[in-house]
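Each remark here refers to the structure printed beneath this line.
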Amino acid sequence: MAENGHKEHPKYMNIFWWLLGLTVAEVLVVIPDFPIVLKAILLIGMACSKAILVANYFMHLKFERKTLAAIVITPFIICVFLVIMLMPDLTLDTRIHNIEKPAAEVVDTSSH
């Protein structure tokens, strides 16, 4: 709180620069040939950071009661948990290579 009793509002341009920096970092993470699991972890972390910044400052959740924060954070935690638990299935290379290709149709060229 400020000295006059009013809540201080964030400097929105500072938040904008943080969001821009995280977006640039996300693009830079995708370019090199990192292992896919490392890329996924880094991208999920940066996406979560951006979501927290947007929720806290642009949606003004930083200034809300704890109950509202708990209501917002619960589905967020469940979503992150599901993405992390599904990562082994999504990043498994053998999943793609073991797919059977359909057999070519045999065309009967003999006349009846």
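Taken together through direct or relayed side-chain contacts under 4.5 Å among Ile, Leu, Val, Met, Phe, Trp and Tyr, Leu22 and Val30 form part of one hydrophobic cluster. Cluster annotation: Val27 and Val24 are assigned to the same hydrophobic cluster (Ile/Leu/Val/Met/Phe/Trp/Tyr, side-chain heavy-atom contacts under 4.5 Å, transitive). One hydrophobic cluster, built from ILVMFWY side chains closer than 4.5 Å, holds both Val54 and Leu43. A chain of hydrophobic side-chain contacts below 4.5 Å, direct or via other Ile, Leu, Val, Met, Phe, Trp or Tyr residues, connects Val37 to Val83. Cluster annotation: Tyr12 is connected to Leu19 through the hydrophobic network of ILVMFWY side chains, with a link wherever side-chain heavy atoms come within less than 4.5 Å.
The minimum heavy-atom distance between Phe34 and Val29, with the atom names listed, is CD1-O, 3.6 Å.
Looking at residues two or more places apart in sequence or on another chain, you find no side chain to side chain donor-acceptor pair (under 3.5 Å) involving Ser49.
Between the CG atom of Leu82 and the CE atom of Met85 there is a distance of 9.0 Å, given to the nearest 0.5 Å. The structure places CD1 of Ile41 at 11.5 Å from CD1 of Ile36, a figure rounded to the nearest 0.5 Å. For the atom pair CG of Leu38 and CG of Asp33, the computed distance is 11.0 Å after rounding to the nearest 0.5 Å. Atom-to-atom distance recorded for Leu20:CG and Ile15:CD1 is 13.0 Å, nearest 0.5 angstrom. Taking CH2 of Trp18 as the start and OG1 of Thr23 as the end, the distance is 13.0 Å to the nearest 0.5 Å. Atom-to-atom distance recorded for Leu53:CG and Cys48:SG is 11.5 Å, nearest 0.5 angstrom.
The backbone N or O of Pro32 lies less than 3.5 Å from a partner atom in the side chain of Lys39, making a donor-acceptor pair.
Within the structure, every pair that satisfies the salt bridge (charged side-chain N to carboxylate O under 4.0 Å, His left out) test and touches residues 13-31, not counting sequence neighbours, is listed here: Glu26-Lys50.
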